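What follows is a short report on a single structure.
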Amino acid sequence: ISPSHGFCATYGLPTAWFGLDSAAGGIYETVDSGNHWKIIYSNSNWNFTNIYAAGSAIFGVAMGASQTFGTAGPIIYSLDAGASWRSIDTDAELHLPSNSVFGPVDGNRDSLVAMTYTHIDTFSMSLAYRGLYLAYSTNLGRNWQSVVIDSSYNSAAILHIPSHSCRIFVYQEEADDVGSFWMSDPPYSSWSKTIADQETSGFMAGNSCSLYVANASPTDTSFTMFRSTDLGGSWARIAYTPSDGPDFTEVDDEDAEYISVVGHGAVVYAEGFVGQYFFSSASNLWKSTDGGDGTLNAAALAPQFDLSHS
């Protein structure tokens, strides 16, 4: 929301993990840059894996707290800054079947918020239904719509919405370690590939000025990141040696949001590591102020206003 005001989603440990007592997660809020936190939503049935907030609206992705792999959970959200809460699985306009499983929620910092979902048998963790769907709202959760992305895909998927844009990107893994990013504009009825058949991170970072995706391929190490400055219309390959920047080789094996972008798309923070698995490797935090290759500048990308008086 602001440098001082933010939210976090917490994930408790199921009893089945490491023999520890079960502890459900919750949604927390800070108004002093993280020095102090207060819980604003908790439920013993749910952990929370992802959160998004804009204005007075807060959205949290829930999953079961008591199972080793988790059970299907709803989207818990508030339209009044946490004073009251409701669940997206009770919104009849979406016509959601039981056991809907949601991917991460994201939005454009304005009125658009969206997430993907699919349907599974939560008792055996085998797929009862196939299909990838998009649930989205253009008024921060007051009304919802849904569309089919891919009727044959068998999982929820990661999506990214650049700030102040209505374009949505969805990552689908299509084979072992290989996947594609798809993009669509309202009303999201047709989708096209924008990064096709590559071993990458499933997470996209950035904004309407610049978008970044980590290259995870162990065989094509000629570049480290994909970057687009036209909202996914084309992608440049950013190259540097691992000693001069983050190494994302096999980052998809322990995938997470390892890239963060500010400075109107020119300032990039990234965590890179050496080795196939993040938890067994050392890592470093890197920063670039020029888009990773010396071609971008935050001041040049900043909004320009020309005011005249008469």
Side-chain angles (χ1 to χ4, degrees), residues 1 5-14 23-30 34 37 39-43 45-65 67 69-79 81-82 85-89 91 94 96 99-110 112-120 122 132-137 140-141 144 146 149 155-163 168-173 179 181 201-207 213-214 251-252 254-261 271 278:
I1 300 297
H5 186 193
F7 302 87
C8 74
T10 61
Y11 190 96
L13 289 175
I27 297 175
Y28 289 76
E29 179 182 22
T30 180
W37 294 86
I39 192 164
I40 58 174
Y41 182 87
S42 65
N43 185 312
N45 294 320
W46 304 120
N47 283 309
F48 289 87
T49 60
N50 170 245
I51 195 167
Y52 171 76
S56 59
I58 309 164
F59 305 84
V61 181
M63 67 180 297
Q67 303 294 320
F69 294 104
T71 54
I75 300 292
I76 303 294
Y77 68 103
S78 173
L79 302 179
W85 296 86
R86 61 187 299 180
S87 167
I88 201 174
D89 65 355
D91 287 307
L94 282 179
L96 294 179
N99 299 335
S100 295
V101 177
F102 293 90
V105 59
D106 198 10
N108 69 350
R109 305 301 170 189
D110 293 319
L112 176 64
V113 60
M115 69 289 294
T116 65
Y117 66 95
T118 189
H119 320 300
I120 66 171
T122 58
L132 177 63
Y133 306 86
L134 178 76
Y136 69 96
S137 170
L140 280 179
W144 294 93
S146 64
I149 299 176
S155 177
I158 302 167
L159 61 74
H160 177 70
I161 306 175
S163 56
I168 295 178
F169 296 85
V170 171
Y171 175 78
Q172 290 183 265
E173 187 170 339
F181 281 90
S201 167
F203 290 90
M204 183 180 293
N207 49 42
V213 173
V251 71
D252 55 315
E254 290 294 326
D255 212 355
E257 296 182 75
Y258 292 118
I259 301 174
S260 181
V261 181
E271 181 182 6
F278 174 79

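What you see is a predicted model; the values in this text were computed from it and never measured.
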**Asked** Who passes side chain to side chain contact (heavy atoms under 4.5 Å, CB included) against W85, sequence neighbours left out?
**Response**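 For W85, the residues satisfying side chain to side chain contact (heavy atoms under 4.5 Å, CB included) (neighbours in sequence not counted) are I27, I40, Y41, I58, I76, S78.
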Side chains of [X] and [Y]: closer than 4.5 Å at any heavy-atom pair?
| X | Y | value |
| --- | --- | --- |
| P74 | W46 | yes |
| I158 | V170 | no |
| Y171 | M204 | no |
| M115 | D106 | no |
| I51 | V105 | no |
| S146 | Y117 | yes |
| Y136 | V113 | no |

**Asked** With Y52, which residues qualify under side chain to side chain donor-acceptor pair (under 3.5 Å), at least two apart?
**Response**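 Side chain to side chain donor-acceptor pair (under 3.5 Å) check on Y52 returns nothing, list empty.
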Can you give me the closest heavy-atom contact between [X] and [Y], atom names plus distance?
| X | Y | value |
| --- | --- | --- |
| A62 | F48 | CB-CE2, 3.8 Å |
| I161 | A114 | CD1-CB, 3.9 Å |
| L140 | A54 | CD1-O, 3.8 Å |
| Y133 | T118 | CD1-CA, 4.5 Å |
| G26 | T10 | N-OG1, 2.7 Å |

**Fill in**
Sorted by chain and residue number, the ring-ring contact (aromatic ring centres under 6.0 Å, His included) partners of F7 (sequence neighbours excluded) come out as H5
**Message:** To the closest 0.5 Å, what do you measure between OH (Y77) and CZ (F59)?
**Reply:**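 Nearest 0.5 Å value for the OH-CZ distance: 7.5 Å.
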**Asked** Just how far is it from atom CD of E257 to atom CD of E271, taken to the nearest 0.5 Å?
**Response** 12.5 Å
Does the [X] side chain pair with the main chain of [Y], one donor and one acceptor, at a distance under 3.5 Å?
| X | Y | result |
| --- | --- | --- |
| T116 | A157 | yes |
| R109 | A53 | yes |
| S201 | D252 | no |

**Request:** Measure from the ring center of F169 to the ring center of F181 and say whether it is less than 6.0 Å.
**Result:**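 No; F181 has its ring centre 6.0 Å or more from that of F169.
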